[in-house]
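Remember, it's 1-based here, ligands and their atoms both numbered in the order they're listed. Quick caveat: nothing in here was measured; it's all calculated off a predicted structure.
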Amino acid sequence: MNKNIQVAVVGAGMMGLSMSVLLTCNGIHTLLYVRHNQEKYIKRYQKILDFLREERILTREEQKRCSSYLQVVTSYEELQKVDCVFESASEQLEVKHSIYEALAEHCLHLKAVASSTSAIPSLQLAEGSRIRDKILVAHPFYPPHLVPCVEIVPNKYTSEEAVQYVVDLLKYVRKTPVIIKKDAPGFVANRLQYALLREAIHIVESGIATSEEVDEILMNSFAPRYTSIGIFEHFDNCGLDLARDISEELYPDLADDTEVQKLIMDHCDKKEYGIKTDKGIYDWKKKDVEDFQRRAERPYLQKISWNIPDFYREEEDK
Ligand SMILES: NC(=O)C1=CN([C@@H]2O[C@H](COP(=O)(O)OP(=O)(O)OC[C@H]3O[C@@H](n4cnc5c(N)ncnc54)[C@H](O)[C@@H]3O)[C@@H](O)[C@H]2O)C=CC1
Ligand SMILES: O=C(O)[C@@H](O)C(=O)[C@H](O)[C@@H](O)CO
């Protein structure tokens, strides 16, 4: 992987900022495209690095070196030379399509456009685009600068070169890309995660347990198991005959909603979206947000092994 490449990140939210940290902390010249208010995003990017410094992942000097690879831009014209784009904009197909159109117009050296989408099928992203051969899904996990896996989902238009380029780049920044065999909404991980969420909501709506109790049981029962064994390994261990007998008992009673459940809709109707509005399932004015963020990130910290760069120098940028 030629580390003198230029990579753009479009969308500077939770994912885009974390992707920018991942790329810059591995010495990749990263152009973060924002529509306005650059200073706000630079502060948010630095806040992530500050946390990594507090956790002794980066020294103050390394933080400055990594930061030298970040360039926040506000026009697509500044993306003319980029080799690859990580699109991390809102989960709306029309938003993503409008971005791909702008990239097609301005990026003259594009090798790949990788979308962070959580669930939009790869083919829907590419359909109708002038650069459809370059579009694929590279679905990361929050926060992508820490979580190893990235689900790679090409579509019938995606060139092998585009797939290989993204896979090589992700491996260079120490990610674990996994190419999914067949394009489907939610790919693999979110199909599993949302099946779990649907059942968790069903348990709360049915009065079986509260959301606090569901969270407590999940964290302290089988969830940690899957950091060291796989689900199919687990059921081979328990015995498929036992799994059969339990499935016969359980399946008729499990959630089978095909629409967004009332619990989610009620909160959304009240604009209670979660931490970003101080209230969601939980009242985040009463819960410690910083403690939550540290608990969310700490399991991944000891696995970090980045190519921490020297300071960025323009002349290296071919
Ligand atoms: N939040 C998460 O845990 C994860 C999210 N994703 C996916 O990553 C993508 C981004 O998600 P988040 O970062 O959570 O969303 P977010 O809402 O935090 O950030 C989205 C960003 O896109 C920007 N944006 C919207 N329209 C734009 C446009 N036309 N041009 C440029 N920027 C635009 C917004 O200003 C915002 O900064 C979504 O597709 C989401 O499904 C994937 C994995 C995890
Ligand atoms: O868990 C993750 O980070 C990803 O699978 C996601 O796509 C997000 O969590 C998404 O589901 C937002 O809720």
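At a threshold of 4.5 Å between non-hydrogen side-chain atoms, the residues Asp215 and Glu212 do not count as touching. Side-chain contact between Arg294 and Glu290 is present, with at least one heavy-atom pair separated by less than 4.5 Å.
Taking a cut-off of under 4.0 Å to the non-hydrogen atoms of Tyr33, the atoms of ligand 1 that pass are 31 (C). Listed by number with element, the atoms of ligand 2 under 4.0 angstrom from any heavy atom of Phe141 are 2 (C), 3 (O), 4 (C), 5 (O). For ligand 1, the atoms sitting less than 4.0 Å from at least one non-hydrogen atom of Val95 are 26 (N), 27 (C), 29 (N), numbered in the order shown with element in parentheses. Less than 4.0 angstrom separates some heavy atom of Ile99 from each of these atoms of ligand 1: 28 (C), 30 (N). If you number the atoms of ligand 2 from 1 as listed, the ones under 4.0 Å from a heavy atom of Tyr194 come out as 10 (C), 11 (O), 12 (C), 13 (O). Atoms of ligand 1 found under 4.0 Å from any heavy atom of Pro140 (numbered from 1 in listed order, with element): 43 (C).
Under a hydrophobic-cluster definition in which Ile, Leu, Val, Met, Phe, Trp and Tyr are linked whenever side-chain heavy atoms come within less than 4.5 Å, directly or via other members, Val260 and Leu197 are assigned to the same cluster.
Taking atom 2 (C) of ligand 1 as the reference point, the nearest protein heavy-atom neighbour is Met15 SD, 3.8 Å. From the protein, the heavy atom lying nearest to atom 4 (C) of ligand 2 is His139 NE2, 3.5 Å. The shortest contact between atom 9 (C) of ligand 1 and any protein heavy atom is with Ala89 O, 3.2 Å.
The closest donor-acceptor contact from the side chain of Arg191 to the backbone of Gly186 lies at 3.5 Å or more, if one exists at all. Without hydrogens or angle criteria, Glu91 side chain to Ala119 main chain gives a donor-acceptor distance under 3.5 Å.
When heavy-atom distances to ligand 1 are checked against a 4.0 Å cut-off, Ser90 comes that close through both its backbone and its side chain. Heavy atoms of Phe141 found under 4.0 angstrom from ligand 1: none, in either backbone or side chain.
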Test side-chain contact (heavy atoms from CB on, under 4.5 Å) applied to Leu58 and Cys25, step by step: CA-CA 9 Å; Leu58 292 174; Cys25 289; 4.3 Å; yes
